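Below you'll find the structure, written out as structure tokens, and then a few comments.
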Amino acid sequence: MATIAELARHVGLPFEGAGELVVHRIMGLDMAGEGDLTFVREAGHLPQALASPSQTMVAAEGLALPGKTVIRSPFPHLTIVQLTPLLHPRRSPPAGVDPRAVVGAECRIDPTAIVHPLSVVADRAEIGARTEIFPGVYIGEGACIGSDCLIHPNVTIGWGCRVGDRVIIHSSTVIGTDGFGYLQHEGRNVKIPHLGIVIIEDDVEIGGGNTIDRGTYGRTIFRQGVKTDNLVHIAHNVDVGEHTLLAGQVGIAGSTTLGRHVRMSGQSGVLDHMRIAERITIGPKSVMTRPGKAGEAYFGFPARPLRDWQRSVAHVNSLDRLIKRVNKLLGKSRSDDA
Amino acid sequence: MATIAELARHVGLPFEGAGELVVHRIMGLDMAGEGDLTFVREAGHLPQALASPSQTMVAAEGLALPGKTVIRSPFPHLTIVQLTPLLHPRRSPPAGVDPRAVVGAECRIDPTAIVHPLSVVADRAEIGARTEIFPGVYIGEGACIGSDCLIHPNVTIGWGCRVGDRVIIHSSTVIGTDGFGYLQHEGRNVKIPHLGIVIIEDDVEIGGGNTIDRGTYGRTIFRQGVKTDNLVHIAHNVDVGEHTLLAGQVGIAGSTTLGRHVRMSGQSGVLDHMRIAERITIGPKSVMTRPGKAGEAYFGFPARPLRDWQRSVAHVNSLDRLIKRVNKLLGKSRSDDA
Amino acid sequence: MATIAELARHVGLPFEGAGELVVHRIMGLDMAGEGDLTFVREAGHLPQALASPSQTMVAAEGLALPGKTVIRSPFPHLTIVQLTPLLHPRRSPPAGVDPRAVVGAECRIDPTAIVHPLSVVADRAEIGARTEIFPGVYIGEGACIGSDCLIHPNVTIGWGCRVGDRVIIHSSTVIGTDGFGYLQHEGRNVKIPHLGIVIIEDDVEIGGGNTIDRGTYGRTIFRQGVKTDNLVHIAHNVDVGEHTLLAGQVGIAGSTTLGRHVRMSGQSGVLDHMRIAERITIGPKSVMTRPGKAGEAYFGFPARPLRDWQRSVAHVNSLDRLIKRVNKLLGKSRSDDA
């Protein structure tokens, strides 16, 4: 808990009203009660804000909130995010390796790291400063995890993989599965060994239940700031560009490169060996089968520019009418002939 | 094992034939052998039932099974389900917390609960009566699990989440991942902290490999009797109505509400911020982009009423013919002009 | 590391050039450096091969590589696969059961098996020769794992399931979840107990995050040589034919049979109770709703023969033009009437 004055000072912003008011937690506007700090994103929410039992809000300059105590911010939601650690501090056990964890030979674990019980750090693996490794996590041989990471329970990080700083990985995710690569030989599928690794750069967040294949010989890479939702599948040798966003159940086939700031919607996919342009949006359930043009949106399978796809959907949904017209013309044509 | 007379008495149903016959296990009609108890769902299966080496069956009144010993039930499959625990009792270790489990501070674990080795119950978590927690499970800080639950190996339940009574959760499922929420700020994605929880009500079953995000500030909720298949993804703040069924690989985007008794087929999805009507069926691979009408079926992307979708599919598949007709008309029109 | 002469002898193939050259690792042609063994798949890669800093290659007879030391093979990639264990041997701990593993009563674990710390082998389970069980793995009661298997971290194998020889299972995969089966009774979904098992035959590889349901009464089966990619969902009672390949995020609904050598592309699916013909290819994102003809390719939903689907896609994408033509004809027809 903290006073409004303290919070405003922390983020270097002005406030109006009762700076001595104490807030205990952050809450969305629709659920905020007395003692909660909430925020107003736009003028349309003013009636709800004024009616709220919460007295303490973050809002943009110019939104009239008479009677409320308001921290004024050009980016209210961003300010709320910055205040969260103060009001909702993460509770972690003390730094160090729990004796019920299993740590291999020649590991380098920073003394400020937190290694929970029942986690495994295999031989020669490295764990950076302040990184927290939850129970059930397996860090493979020679894998390196940077500093300030959060590796949630039951994550698997395979041998040799490299994870940068400030990376969050959610539960049941696997980094470093072998890719789906087989040689066809005499009616059998012969496994191609996967000798490569996965590189996860800084400031990446990976959702739960993701599966990220290692490179065949080289690497699969998530560049800086990539974020994935849950159940995303990334095949071997894929290269995901900076700050790209992959929503739930997205799949990327092997050796494909995604540009920077791409946004893939839920359940969409990209074929293998593609080079997807930067800043592209791929619609839900859509499959990208060509590079696309930077900044454009693509929908459907095969994915087409959004407007073309919308027109096709409308056309298909009105085929009934088109067919009737043609039949009428045919009937007329026949009667003309008669 | 039990005699037919004992089993019939247990479910309060009459039987015909040799009540002293002993059965050892339950088996489907196509695989049942001597000594197996099987069941006959409909008259069409009578020839198979009469030819079966099994002598002992559950069947509806009126199905003639001369020579067989038959428990008569208005709902034969339901009766079989009710008899299963007698013939296939679950084998569990004795109640209590295995010393190789890790239990935090101030936990409340019912003395009849079974906590397997290598599971983790974090500080202040609660486990109800007769609930079984398998190895590799992680129960986060302050999470509450009700009574008579079965939490299969390698499940993760995040801090603060609440699970009701008689809930089954299959392996590798994660309850309480952070939602996929970021603020765009100066070309970067700033993580929105997720302070909410997941509420799983009574009599829910969750398949393997599911990922269920916690609410941003409030809650994601599975209401009573919801059942999910494997690899289902549920985003933050979603509300799944009573007795709704979600088949394999379904995805629900953020803040969507599903009505009661909705049925979503495999690989289907719903967009974010939708309010889906109750008793709707969503077809395989289909994406619901509007609320729909209660009780109707929707197919395709964007999903449309089943009949409309079927007609569109038929039309699209016969576009060859339509185009030929139009070309013929065009040719005729031109020759008329000539 | 090994000399070219040693490697050539190991696979019984001839070489040209400096047999005494020592190689340390295998690398793809685009990344190979000095001291790496690489391979040339086709004549088109000759310029890259000649320019490579690598001096040591596997290539087919007849590809001119002057100045390079070359092992000649009719199947260069296959030869590389066969040489991989020599240059990249798997590092495993010594055989035996780590004292920090949990082993139940009456288990049969071959003395050459490797059971890592923090894995669980439940009562009456069996582990074959040289099989390696990684941390976080749960092998259920009475389950049997064959010899020379690799069970990666955090895999769950349910009670009674049977895994053959030379099987690889990647992390977070679950074998033996209950199927998605409920009886509708008085507005509730009553769980159908799942008493069956999963059978995984020899030489199968299963990707990460797969979920494979057990049979209701009988079995779900993966026949010899099946390979699956990541996040594949297999429902109860499914039968997957020999050497069939299932790419990422494929889903197979209940009681379906897939023939031998079927290939399903990423994010595709098959409806329940189908019998899919052998050697069929199912396109990405496609849903098979009928058996199909052996050896054919099917695309779309509902899936149709590839050529038909391609023609439909082209037709739909040019509906704009068709509609214009019809409108022109209509206009003309009306003016003719006038």
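No experiment lies behind these values; they were computed from the predicted model shown. Letters A, B, ... are given to chains in the order of the sequence lines, protein chains preceding strands, and every chain is numbered from 1.
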*Establish, from distance only, whether the side-chain atoms of D308(C) and N317(B) form a donor-acceptor pair under 3.5 Å.*
no
*Below 4.5 Å from any heavy atom of chain B, which atoms of V270(C) appear? Answer side chain, backbone, both or neither.*
neither
*Go through the atoms of E242(B) and report whether side chain, backbone, both or neither lie under 4.5 Å from a heavy atom of chain C.*
neither
*asked:* What part of H88(B) gets within 4.5 angstrom of chain C, counting heavy atoms only: side chain, backbone, both, or neither?
replied: side chain
_Restricting to non-hydrogen atoms, name the atom on S172(C) and the atom on S172(B) that form the minimum distance, rounded to 0.1 Å._
O-OG, 2.9 Å
*Can you tell which part of L195(C) gets under 4.5 Å to a heavy atom of chain B, answering side chain, backbone, both or neither?*
side chain
*Please test V81(B) against K191(C) for side-chain contact (heavy atoms from CB on, under 4.5 Å), starting from the C-alpha separation and ending with a verdict.*
CA-CA 8 Å; V81(B) 167; K191(C) 178 179 176 63; over 6 Å; no
*Of the backbone (N, CA, C, O) and the side chain (C-beta and beyond), which part of S286(B) lies under 4.5 Å from a heavy atom of chain C, both, or neither?*
side chain
*Are D203(B) and R188(C) within salt-bridge range, i.e. N to O under 4.0 Å?*
yes
*In terms of side-chain heavy atoms, does N230(B) have a donor or acceptor partner in H233(C) at a distance below 3.5 Å?*
yes
*For H315(C) and L322(B), what are the C-alpha separation, side-chain angles and deciding distance, and is it a side-chain contact (heavy atoms from CB on, under 4.5 Å)?*
CA-CA 10 Å; H315(C) 287 338; L322(B) 184 69; over 6 Å; no
_Per-residue contact mode, T228(B) against chain C (heavy atom under 4.5 angstrom)_ = backbone
*Where on V313(C) is there a heavy atom nearer than 4.5 Å to chain B: the side chain, the backbone, both, or neither?*
neither
*Contact part of L118(C) toward chain B, heavy-atom cut-off under 4.5 Å: side chain, backbone, both or neither?*
both
*By a 4.5 Å heavy-atom criterion (distance strictly below it), what part of N327(B) contacts chain C: side chain, backbone, both, or neither?*
side chain
*When only heavy atoms count and the cut-off is under 4.5 Å, which of residues 296-307 of chain C reach chain B?*
F301(C), P302(C), R304(C)
*Hey, what do you get for NE2 (H170(B)) to OG1 (T211(C)), rounding to the nearest 0.5 Å?*
11.0 Å
_chain C contact via T84(B) - which portion, at a heavy-atom distance below 4.5 Å_ = side chain
*Side chain, backbone, both or neither: which part of T216(C) has an atom under 4.5 Å from a heavy atom of chain B?*
neither
*When you measure from the side chain of Q249(B) to the backbone N and O of Q249(C), does any donor-acceptor pair fall under 3.5 Å?*
yes
*asked:* Quick check on the interface: out of A235(C), G187(C), G209(C), who has the most heavy-atom pairs with chain B under 4.5 Å?
replied: G187(C)
*Roughly how far, to the nearest 0.5 Å, is the OH atom of Y138(C) from the NE2 atom of H152(B)?*
9.5 Å
*How many angstroms lie between OG1 in T177(C) and CG in D229(B), if you round to the nearest 0.5 Å?*
8.0 Å
*Could you give the distance from CG (L319(B)) to CZ (R311(C)), rounded to the nearest 0.5 Å?*
11.0 Å
*Side chain, backbone, both or neither: which part of S268(C) has an atom under 4.5 Å from a heavy atom of chain B?*
backbone
*asked:* At a 4.5 Å cut-off on heavy atoms, which part of M27(B) comes close to chain C: side chain, backbone, both, or neither?
replied: both
_Looking only at heavy atoms and a cut-off of under 4.5 Å, which of I80(B), I168(B), L246(B) has the most pairs with chain C?_
L246(B)
*Could you tell me which of L330(B), V316(B), D30(B) has the largest number of non-hydrogen atom pairs under 4.5 Å with chain C?*
L330(B)
*Would a distance-only check, ignoring hydrogens and angles, find a side-chain to backbone donor-acceptor pair under 3.5 Å from Q267(B) to K285(C)?*
no
*Once you round to the nearest 0.5 Å, how far does NZ of K227(B) lie from CZ of F180(C)?*
9.0 Å
*H261(B) portion near chain C, given a 4.5 angstrom heavy-atom threshold*: side chain
*Is it the side chain or the backbone of I192(C) that comes within 4.5 Å of chain B heavy atoms, both, or neither?*
both
*Could you tell me the separation between the CD atom of Q184(C) and the CG atom of L78(B), rounded to the nearest 0.5 Å?*
11.5 Å
_Quick check on R162(C): does its CZ atom have over 12 non-hydrogen neighbours (other residues, nucleotides or ligands) under 6.0 Å away?_
no
*Would the number of heavy atoms belonging to other residues, nucleotides or ligands and lying under 6.0 Å from CZ of R263(B) be above 12?*
no
*Contact part of L87(B) toward chain C, heavy-atom cut-off under 4.5 Å: side chain, backbone, both or neither?*
neither
_Winner by heavy-atom pair count (cut-off under 4.5 Å) against chain C, out of S171(B), G208(B), A32(B)_ = S171(B)
*Of all of N189(C), N154(C), V120(C), D272(C), which one pairs up most often with chain B through heavy atoms under 4.5 Å apart?*
N189(C)
*Sort out for me which of R100(B), R260(B), R91(B) touches chain C most, counting heavy-atom pairs under 4.5 Å.*
R91(B)
